[in-house]
Number of protein chains: 2
Amino acid sequence: MINKLSSTTLADQVEKHIIQYIRTNTLVPGDGLPNEMQFMEMYGTSRNVIREALSRLRMLGIVQSRTKRGMVVTEPPLLSSFRKVMDPQLLSIKTIKEMMGMRIVLELGLAEFLFENVSNDDISELEQIVSRQQAIGVNNLSVEDEMLFHSKIYKIAGNDFISQFNEIMHPIFVFVKHNYDDYFKPLSQNLDDNGKMVNHKQLLSFIKLNDKEGYYKATRGHLQPYWEFIYNFK
Amino acid sequence: MINKLSSTTLADQVEKHIIQYIRTNTLVPGDGLPNEMQFMEMYGTSRNVIREALSRLRMLGIVQSRTKRGMVVTEPPLLSSFRKVMDPQLLSIKTIKEMMGMRIVLELGLAEFLFENVSNDDISELEQIVSRQQAIGVNNLSVEDEMLFHSKIYKIAGNDFISQFNEIMHPIFVFVKHNYDDYFKPLSQNLDDNGKMVNHKQLLSFIKLNDKEGYYKATRGHLQPYWEFIYNFK
DNA sequence: AAATTCTATTTGTACTACAAATATGACAAA
DNA sequence: TTTGTCATATTTGTAGTACAAATAGAATTT
């Protein structure tokens, strides 16, 4: 079962075995697990190794431990560990481009849910955001200003996972805009089908008109800089 | 710096500190890190604690360690830990619904990249897949058969991250189809705008006609069971 | 100079010891 | 009998020692 001569460490193997243990025993959140001593006997390793494996599962949120109570299975927050690796310093250009692609895909696909769920109150909020941005001047928007509108769009669509995902990717967008800003000069590239620039005000107008197709195309134009970056950089 | 009286464990704190260390020193893949002994001195904890923290970062793929060489920063595989938590046993219905939503959003948004990248060879492959499925009978398709067509679509779109993401979510789809199969009776619900059923053959026909809008709407119809599940279940 | 061996360093694993928290049962009070 | 308090035992969290295994770099030999 546990192979001490493998290239992988014992902690790696024990981690896999414990995950397997949870699956094969169809344990669900709330169910108990063996304690450290019992795992030691099950896998014939030192407590150190068991603790390293459990430490990882604790970080993932798959298990929790409390003194005397032992370990219990928990529902993991899906994206907490994803957040930890989403660091532009650590990622290759290929991966960063894939994140840009993810952004485009999510925001286009989200239109379906956006138009299903949008309320009058949502539109009022969007109007406020847009009018503040008009006051600042659409060319002077910081990435945070820019983000404000889109975050609200995600929120309206009503899928917490996707909202969170977008929030986690945000540092990547900031990084790219700072380091490759040629692609993100507003007036030059956010063009729609007819070569007209697409700003938040116009996106909002399609929402108000309940024009999903128009919104989709406008969003596609609004995100054109990302597209350019994916296909033209380097 | 390290607080021994906190409710979080020392390993939790050291983990955060080491991640912070990598960020503030702008370390990139290939760069070295202090060894375990040095971290012990830096944070004033036992080697055990340091090793638990490093073990977690190793699992995330942020660092690698080799004897004598010490630790080096590495580019993490973004989704390896995501895969570990993507277990239908562990997830709530809310989260599972959000995954269904993710499926719809990804596949709709992906259309943009699909039509940009699709080649004649791709279309031939899709034709083969579809004809095999016609032979089996569209109502007899297993989830794996069903997946074959869509996986190819993802592959054509050319974003490895999204392909991998979809593959990781697959067990969730299988789980839902098995447990809530009322929503997934093919002939009754995969309807398009006009109330006609949408199968892979028809999706392919839109690709061949280079009709992106048609494909989008057809895909929306094809995924209608997911939509129904999200909004109607429970 | 090249190949080999040796040595020192670093990670991986095992084991012991104790602190801290707390579930459980024993016991006392009403 | 029920309730509240306390003691005990169990389990996780942390520290420390010891040694095995791997290997980078130095020393040695050819």
Side-chain angles (χ1 to χ4, degrees), chain A residues 1-19 21-22 25 27 29-74 76, chain B residues 1-19 21-22 25 27 29-74 76:
Chain A
M1 201 159 196
I2 297 289
N3 173 13
K4 300 205 179 187
L5 300 180
S6 166
S7 69
T8 62
T9 65
L10 292 184
D12 290 330
Q13 298 175 56
V14 169
E15 180 206 327
K16 280 202 188 80
H17 276 95
I18 296 179
I19 289 179
Y21 179 92
I22 293 173
N25 293 74
L27 300 185
D31 289 349
L33 281 172
N35 62 35
E36 296 177 354
M37 212 61 82
Q38 292 168 313
F39 274 130
M40 282 172 67
E41 287 160 13
M42 285 170 63
Y43 301 130
T45 64
S46 74
R47 190 163 162 233
N48 247 334
V49 168
I50 301 293
R51 279 190 62 79
E52 275 196 29
L54 288 175
S55 179
R56 296 175 179 186
L57 301 189
R58 263 195 298 277
M59 183 196 60
L60 293 178
I62 293 177
V63 306
Q64 278 183 359
S65 55
R66 297 236 303 270
T67 48
K68 178 81 180 178
R69 264 200 178 177
M71 319 282 309
V72 292
V73 177
T74 54
Chain B
M1 200 157 193
I2 297 290
N3 173 13
K4 300 205 178 187
L5 299 179
S6 167
S7 70
T8 62
T9 65
L10 292 186
D12 290 330
Q13 297 176 56
V14 170
E15 180 206 325
K16 280 203 188 78
H17 276 94
I18 296 179
I19 289 178
Y21 178 92
I22 293 173
N25 294 74
L27 300 186
D31 290 348
L33 281 171
N35 62 35
E36 294 177 354
M37 211 60 81
Q38 292 167 315
F39 274 129
M40 282 172 67
E41 288 162 11
M42 285 170 63
Y43 301 129
T45 65
S46 74
R47 192 166 159 230
N48 250 336
V49 169
I50 301 293
R51 280 189 61 79
E52 276 197 28
L54 288 175
S55 179
R56 296 175 178 186
L57 301 189
R58 261 196 299 277
M59 184 195 60
L60 294 178
I62 293 178
V63 306
Q64 279 183 359
S65 53
R66 297 236 304 270
T67 47
K68 178 78 180 181
R69 264 199 178 179
M71 319 281 308
V72 292
V73 177
T74 55

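Here is the naming used below: chain letters follow the sequence lines, and residue numbers restart at 1 for every chain.
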Student: Would you work out how much the helix from C/dA1-D/dT30 to C/dA30-D/dT1 bends between its ends, with each end axis defined by five base pairs, to 10 degrees?
Tutor: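 Between the axes fitted at each end of the helix from C/dA1-D/dT30 to C/dA30-D/dT1 lies an angle of 10°.
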Student: To the nearest 0.5 angstrom, please state how far the CZ atom of A/Arg51 sits from the OG atom of B/Ser55.
Tutor: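 Atom-to-atom, A/Arg51:CZ and B/Ser55:OG are 11.5 Å apart.
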Student: Taking CD from B/Gln38 and C1' from C/dT9, how many angstroms apart are they, rounded to a whole number?
Tutor: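 About 12 Å, once rounded to whole Å.
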Student: In whole angstroms, how far is the C1' atom of C/dA20 from the CG atom of B/Leu10?
Tutor: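 Atom CG in B/Leu10 sits about 12 Å away from atom C1' in C/dA20.
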Student: Can you confirm whether B/Gln64 is buried at CD, in the sense that more than 12 heavy atoms of other residues, nucleotides or ligands lie under 6.0 Å from that atom?
Tutor: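 No, because the 6.0 Å sphere around CD of B/Gln64 holds 12 heavy atoms or fewer from other groups.
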Student: Is it the case that the side chain of A/Gln38 and the backbone of A/Asn35 share a donor-acceptor pair, with hydrogens and angles ignored and the cut-off at 3.5 Å?
Tutor: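 Checked: pair present.
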Student: Quick one: CG on B/Leu54 to CG on B/Leu33, what's the gap to the nearest 0.5 Å?
Tutor: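 Answer for the CG-CG pair, B/Leu54 versus B/Leu33, is 8.0 Å.
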Student: For the pair made of CG in B/Leu33 and P in C/dT9, what is the distance, rounded to whole Å?
Tutor: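 Distance check: B/Leu33 CG to C/dT9 P gives 21 Å.
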Student: So, OP1 or OP2 of C/dA14: does either fall under 4.0 Å of a side-chain N or O from A/Ser46?
Tutor: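 Indeed, a polar side-chain atom of A/Ser46 lies that close.
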Student: Would you please classify the geometry between the B/His17 ring and the B/Tyr43 ring as parallel, tilted or perpendicular, with 30° and 60° separating the classes?
Tutor: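 Rings of B/Tyr43 and B/His17: tilted, as their planes differ by 30° to 60°.
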Student: Shortest non-hydrogen contact from A/Pro34 to A/Phe39?
Tutor: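 Here A/Pro34 and A/Phe39 meet closest at O-CE1, 3.3 Å.
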Student: Answer whether the closest heavy-atom distance between the side chains of B/Leu60 and B/Arg56 falls below 4.5 Å.
Tutor: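 With C-beta onward as the side chain, the pair stays apart.
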Student: What's touching nucleotides 9-12 of chain D from the protein side, N or O pairs under 3.5 Å?
Tutor:
from, atom 1, to, atom 2, distance (Å)
D/dT10, O4', A/Lys68, NZ, 2.8
D/dT11, OP1, A/Asn35, ND2, 3.4
D/dT12, OP2, A/Glu36, N, 3.4

Student: In whole Å, what is the span from the CG atom of B/Asn48 to the C1' atom of C/dT13?
Tutor: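 Going from B/Asn48 (CG) to C/dT13 (C1'), I get 11 Å.
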Student: Can you list everything that forms a salt bridge (Lys or Arg N to Asp or Glu O under 4.0 Å) with B/Arg66? Sequence neighbours excluded, please.
Tutor: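 Once residues adjacent in sequence are excluded, B/Arg66 has no partner under the salt bridge (Lys or Arg N to Asp or Glu O under 4.0 Å) criterion.
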Student: In whole angstroms, how far is the C1' atom of D/dT14 from the CD atom of B/Glu52?
Tutor: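 Whole-Å distance recorded here is 9 Å.
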